[in-house]
Amino acid sequence: MALLPILEYPDPRLKTVARPVTRFDDRLRALVADMAETMYEAPGVGLAATQVDFHERLLVIDVSESKDQLKVFINPEILWSSEERVECEEGCLSVPGVYDAVTRPARVRVRAQDEHGATFELDCEGLLAVCVQHEMDHLLGKVFVEYLSPLKQDRIRTKMRKRKVKAA
């Protein structure tokens, strides 16, 4: 297993739309393991393959307190979302240090495949529902800050660019 570098906003590669996974092989399972290790180390509760510069429809999520309930979603699709909305403060490993409120459906039903290709459906609510939707946005080339006002987006881009300059 290996830690993978996480792309930081506004890196243009975060805008890449992920392609479906068609091969469920050892390479894919190694990527899942590396993504999980990267997410736990960061630390975060979710990570999309897009964030580590692999543009495939793959997410890893663990919203448990104990960090031992990894969920893998390959080729995920939302089958249903509730009309009820919730506002939740979101953060992102690709936008470190930035948190803001985003409104999303309170519950979703997701169909996906596991790392062996088996299809499953999962009803999600609470933090899991928010996380699934947030990570699925990454697969479409969307970062959570795009839900914010243009002024906030500009401020975040400026903050991230300054952070990059300081790190260099």
Side-chain angles (χ1 to χ4, degrees), residues 3-18 34-67 69-110 112 122-168:
L3 292 177
L4 303 170
I6 298 172
L7 300 178
E8 289 191 2
Y9 180 81
D11 190 307
R13 293 172 289 179
L14 290 168
K15 292 275 194 200
T16 305
V17 175
D34 291 347
M35 285 177 59
E37 183 179 2
T38 302
M39 175 190 70
Y40 288 128
E41 180 69 24
V45 295
L47 187 67
T50 301
Q51 294 176 272
V52 290
D53 207 18
F54 285 87
H55 303 285
E56 301 174 53
R57 295 188 53 78
L58 164 61
L59 316 171
V60 294
I61 295 174
D62 188 344
V63 296
S64 70
E65 290 289 325
S66 53
K67 300 299 176 206
Q69 295 175 32
L70 182 70
K71 293 181 178 13
V72 177
F73 297 84
I74 298 172
N75 299 323
E77 58 182 313
I78 293 178
L79 301 176
W80 171 86
S81 58
S82 66
E83 288 186 28
E84 178 190 358
R85 303 280 189 235
V86 292
E87 184 177 89
C88 188
E89 186 171 84
E90 295 188 24
C92 182
L93 296 176
S94 291
V95 195
V98 174
Y99 301 88
D100 214 315
V102 176
T103 301
R104 298 184 184 272
R107 295 178 309 284
V108 295
R109 178 173 300 124
V110 180
L122 185 64
D123 289 326
C124 308
E125 61 184 339
L127 180 57
L128 180 58
V130 170
C131 193
V132 163
Q133 293 171 82
H134 174 110
E135 299 306 334
M136 285 182 68
D137 276 351
H138 281 297
L139 302 180
L140 299 172
K142 188 171 186 176
V143 179
F144 90 98
V145 298
E146 294 174 46
Y147 288 98
L148 308 178
S149 71
L151 177 62
K152 283 186 177 181
Q153 290 180 45
D154 285 343
R155 287 181 177 161
I156 292 167
R157 272 192 295 274
T158 299
K159 178 179 180 175
M160 297 305 295
R161 286 187 181 114
K162 285 180 180 177
R163 173 186 156 93
K164 194 169 208 154
V165 168
K166 284 183 181 178

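Under the 4.5 Å side-chain criterion, counting only non-hydrogen atoms from C-beta, Met136 is in contact with Arg57. Inter-residue side-chain proximity for Val52 and Ile6 is flagged as met; some heavy-atom pair is nearer than 4.5 Å. In this structure, His138 and Cys92 have side chains that are in contact, with non-hydrogen atoms separated by less than 4.5 Å. Side-chain atoms of Met39 and Leu70, non-hydrogen and from C-beta on, do get closer than 4.5 Å to each other. Taking 4.5 Å as the limit, some side-chain heavy atom of Met160 sits within range of a side-chain heavy atom of Pro96. Put simply, the side chain of His55 does not reach to within 4.5 Å of the side chain of Val17, judged on heavy atoms. A 4.5 Å side-chain heavy-atom check between Ser81 and Arg107 finds every atom pair outside the cut-off. You'll find the side chain of Lys71 stays beyond 4.5 Å of the side chain of Val132, heavy atoms only.
Under a 3.5 Å cut-off, the side chain of Ser94 and the backbone N or O of Leu7 do form a donor-acceptor pair. In this structure, the side chain of Gln153 engages the main chain of Leu148 through a donor-acceptor pair within 3.5 Å. Judged by distance alone, with hydrogens and angles left aside, the side-chain atoms of Glu146 form a donor-acceptor pair with the main-chain N or O of Val143 at under 3.5 Å.
In this structure, CD on Glu90 lies 9.0 Å from OG1 on Thr103, to the nearest 0.5 angstrom. Atom CG of Leu14 is separated from atom NZ of Lys142 by 14.0 Å, given to the nearest 0.5 angstrom. With rounding to the nearest 0.5 Å, the separation of OH in Tyr9 from CD in Gln51 is 14.0 Å.
Under a cut-off of 6.0 angstrom, the local environment of CD in Glu77 is crowded, with over 12 non-hydrogen atoms contributed by other residues, nucleotides or ligands.
A salt bridge links Arg104 with Asp137: at least one charged nitrogen is closer than 4.0 Å to a carboxylate oxygen.
The nearest pair of heavy atoms linking Phe144 to Asp100 is CE1-N, 4.0 Å. Considering every non-hydrogen atom in both Pro105 and Arg85, the closest pair reads CG-NH1, 2.7 Å. Across all their heavy atoms, Leu122 and Leu128 have their closest contact at CD2-CD2, 4.1 Å. Taking every heavy atom of both residues into account, Ser82 and Ala106 meet most closely at OG-N, 3.2 Å. Of all heavy-atom pairs between Leu93 and Ala42, the closest is CD2-CB, 3.5 Å. Residues Tyr99 and Gly91 come closest through the heavy atom pair CD2-CA, 3.5 Å.
Annotation: cation-pi pair Lys152/Tyr147 absent, no NZ/CZ under 6.0 Å from the ring centroid and within 45° of its normal.
Residues forming a salt bridge (Lys or Arg N to Asp or Glu O under 4.0 Å) with Arg13 (at least two apart in sequence, or on another chain): Asp11, Asp53.
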Less than 3.5 Å apart, which donor and acceptor atoms pair up between the side chains of residues 58-65 and the rest of the protein, not counting sequence neighbours?
| unit_1 | atom_1 | unit_2 | atom_2 | d |
| --- | --- | --- | --- | --- |
| Asp62 | OD1 | Ser64 | N | 2.9 |
| Asp62 | OD1 | Ser64 | OG | 2.6 |
| Asp62 | OD2 | Tyr40 | OH | 2.5 |
| Asp62 | OD2 | Asp68 | N | 3.1 |
| Asp62 | OD2 | Gln69 | N | 2.9 |
| Ser64 | OG | Lys67 | N | 3.0 |
| Ser64 | OG | Asp68 | N | 3.3 |

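Each salt bridge (Lys or Arg N to Asp or Glu O under 4.0 Å) pair with one or both residues in residues 159-168, not counting sequence neighbours, appears once here: Glu8-Arg163.
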